[in-house]
Amino acid sequence: ITIEKIAFDSWKYKHYFELKKMHGKNITVICLLCKPKMCEYSTGKNSTWNLKKHLDNIHKTTKLVARLDTQQSLKRLRCDEDIPLAANKVPLYVYTICIQNAIICGHPILTIQPLDIVSQPSFKQLVEGPNRKVMSRKTLTNHIDATCRTVRTTIIACLANMKSICTTADIWTAHKKSFFGMMCHWIDPTLLQRVSTALACSRIHEKRTFDVIASLVGEVHTRFSLGDKVVRTVTDNRSNFMKAFKEYGFQEEDEETAEVDHKFGLIFQLPKHQRCAAHTLSLIAAYDIYQHLSCTSTSAVYHLLIAKCSALWNKASRSCKAYEVIEDNANRKLIVPCVTRWNSFYNAVERVMSIEPLSITCDEMGMVKFKIHEIAFLKEYCKVLKPLVMTLDILQEEGKCYYGYLLPTLLKLMDHLQHLKADLKVATSLPDAIISIHERFTLLLDSTEDKHAKMVINEEAREISSEVGTTLPLQQQELAVVCVDSYCDNFFDYQQPAPQAVDAVADEVNKFLSDSNISLACVSKYPNVREVFLKYNATIPSNAPVERLFS
């Protein structure tokens, strides 16, 4: 059976598309330059005109690189091997290309395998077959480099159309090596959905001082031509990050002055800095609560409980017999807290409290049993901290959490804690430690007055309206002009007041705030409010996404 030929296989720009299926006289492909959107396009088997037209119209700012696919020589293969064709008659060489693409973008990268895995005999035995050969390590490296350049070009072209962008940065240490990571986030203007992409994940060979961090952040922003599009850069509360943005960051009183880094010979200015709200709340849970409980009457009980729980976690981790006892009694294993994740400590304590025969389990493990008042304290501890855990989960959500979620979430957290105080019997002072949240979010919580917030929205919408030139409906642009009688000699003709212009922006904001529709789609009806939304909600309240990048 002769393999069917299609024009797409020999096209010089085929590497910008991914073949999805063949149907009748047409084929369907996915444009890789449009990602993260999954844009499908159809073209004839004998023509690539539609695809070339798409590149010329949509991606005209992208510099296209003509490249012949390495698998072109397979287009004249005959299917005389034992592997049958699929029901939709996709040619064998298409399967071969898919295998090669899976090797490039899938196995070595996603599983963090060494690139020389393609040279291993077991891997060759798995992949190779009739008319299928695994590429060499050098070829794989060249393919990865080419893919990396294409992805970078795609990201730059996509970011060129965005007005407001947020970046998140973090430093991670693993295997005694330091790594710098940065991600970029923005809101799709059409779908009003969060879009994120990785910008950097590189080694740090120098000491992690504030000037080195400032240089790394500025370098990534310059490499992707972000310029003044970055509205905020979100990091944790580490002192080196804080000092980097204090020394080289945006200064309200001197916006036009750029800082000079004499050590690196760079002239740059970092954008405005935003502290990670999740990290701040974790500090409250880890340190503020500890300091508060250490100064109250429950100090001895709290420290004794932490010691008992730590001993339980250690023994369950080191002793196979203790592990089996817990698994038999609780039908689940214990969670060991992680130093860098406060949520894991709460989850670990909650798991201990979920063991119903806790006294029997401690006896079988040879551990000191928990007393009744100690169990009561831990249950109230979990009850009080559960709203804080829920708040952290909300703020660390990457796709659906906007910066506008931060203030309502904090206010609701404080409201939950106030209502919990009446039900507590042992840990009565614990909510007061978390309510100290007001001290760490002073600037944000002090601006909760309705009139002040409304005034700020009006000012921002008016400023954006003058910059963007947003066109409002004609009736909102009209002036409230009262017609004056043309008979000036009329005795009863009184002088009318000067015409007063209607504040169209303030009227639009009022209509938006009074709109009963609370879905995100309603923003599209108010163009200036929509621009404010795109600008300020591009910022995310947490740098959790870049931490997930390291994971």
Side-chain angles (χ1 to χ4, degrees), residues 3 8-20 29-33 35-36 62-79 81-83 90-156 172-183 197-205 216 219-220 223-224 546 548-551:
I3 298 299
F8 177 76
D9 295 322
S10 57
W11 190 35
K12 59 182 178 181
Y13 297 130
K14 62 171 292 187
H15 52 282
Y16 292 111
F17 297 87
E18 178 182 342
L19 181 63
K20 185 175 182 181
V29 298
I30 298 176
C31 179
L32 300 179
L33 295 178
K35 286 187 174 181
T62 303
K63 185 178 180 181
L64 301 177
V65 180
R67 182 169 60 88
L68 296 178
D69 196 275
T70 55
Q71 299 300 318
Q72 263 193 45
S73 59
L74 296 173
K75 64 183 179 181
R76 294 184 178 87
L77 288 177
R78 293 184 177 274
C79 186
E81 47 280 290
D82 295 332
I83 302 178
V90 178
L92 176 63
Y93 67 89
V94 174
Y95 290 128
T96 307
I97 295 174
C98 292
I99 291 175
Q100 298 286 26
N101 289 336
I103 295 174
I104 297 171
C105 304
H107 189 69
I109 297 177
L110 297 180
T111 59
I112 320 179
Q113 297 291 333
L115 300 185
D116 61 357
I117 190 174
V118 296
S119 304
Q120 300 297 328
S122 58
F123 188 81
K124 289 184 176 181
Q125 185 179 3
L126 174 66
V127 177
E128 287 184 343
N131 297 312
R132 294 199 309 272
K133 187 177 180 180
V134 178
M135 63 181 69
S136 64
R137 182 188 182 280
K138 183 178 180 180
T139 305
L140 174 60
T141 303
N142 294 336
H143 273 281
I144 292 176
D145 291 340
T147 304
C148 183
R149 289 192 294 269
T150 302
V151 171
R152 185 182 294 115
T153 303
T154 304
I155 294 175
I156 293 175
W172 200 262
T173 301
H175 306 291
K176 298 182 180 180
K177 298 178 182 179
S178 297
F179 297 87
F180 173 78
M182 178 171 281
M183 290 190 67
T197 185
L199 299 182
C201 185
S202 56
R203 277 284 310 277
I204 302 178
H205 298 281
L216 291 171
E219 179 186 350
V220 175
R223 187 193 312 161
F224 287 88
V546 73
R548 298 189 190 107
L549 173 66
F550 290 116
S551 299

If you measure from [atom1] on [X] to [atom2] on [Y], what distance do you get to the nearest 0.5 Å?
X	Y	atom1	atom2	value
Phe179	Ile204	CZ	CD1	9.5 Å
Arg223	Arg152	CZ	CZ	6.5 Å
Tyr16	Thr153	OH	OG1	7.0 Å
Leu33	Thr62	CG	OG1	5.5 Å
Glu219	Met182	CD	CE	10.0 Å
Gln120	Gln113	CD	CD	10.0 Å

- Query: So Phe17 and Phe8, would you call those rings parallel, tilted or perpendicular, with 30° and 60° as cut-offs?
  - Reply: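 Geometry flag for Phe8 against Phe17: perpendicular rings.
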- Query: Parallel, tilted or perpendicular: which describes the rings of Tyr13 and Trp11, with under 30° parallel and over 60° perpendicular?
  - Reply: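 Perpendicular: the ring planes of Tyr13 and Trp11 meet at over 60°.
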- Query: Of Val546, Thr197, Leu199, which meets side chain to side chain contact (heavy atoms under 4.5 Å, CB included) against Met183?
  - Reply: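 That would be Val546.
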Can you give me the closest heavy-atom contact between [X] and [Y], atom names plus distance?
X	Y	value
Ile155	Ala198	CD1-O, 3.9 Å
Leu549	Cys201	CD2-CB, 4.4 Å
Ser136	Thr139	OG-OG1, 3.0 Å
Leu32	Thr154	O-CG2, 4.1 Å

- Message: Using the side-chain contact (heavy atoms from CB on, under 4.5 Å) criterion, which residues pair with Arg137? Sequence neighbours excluded.
- Response: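 Applying side-chain contact (heavy atoms from CB on, under 4.5 Å) to Arg137 gives Leu115, Asp116, Val118, Ser119, Thr141.
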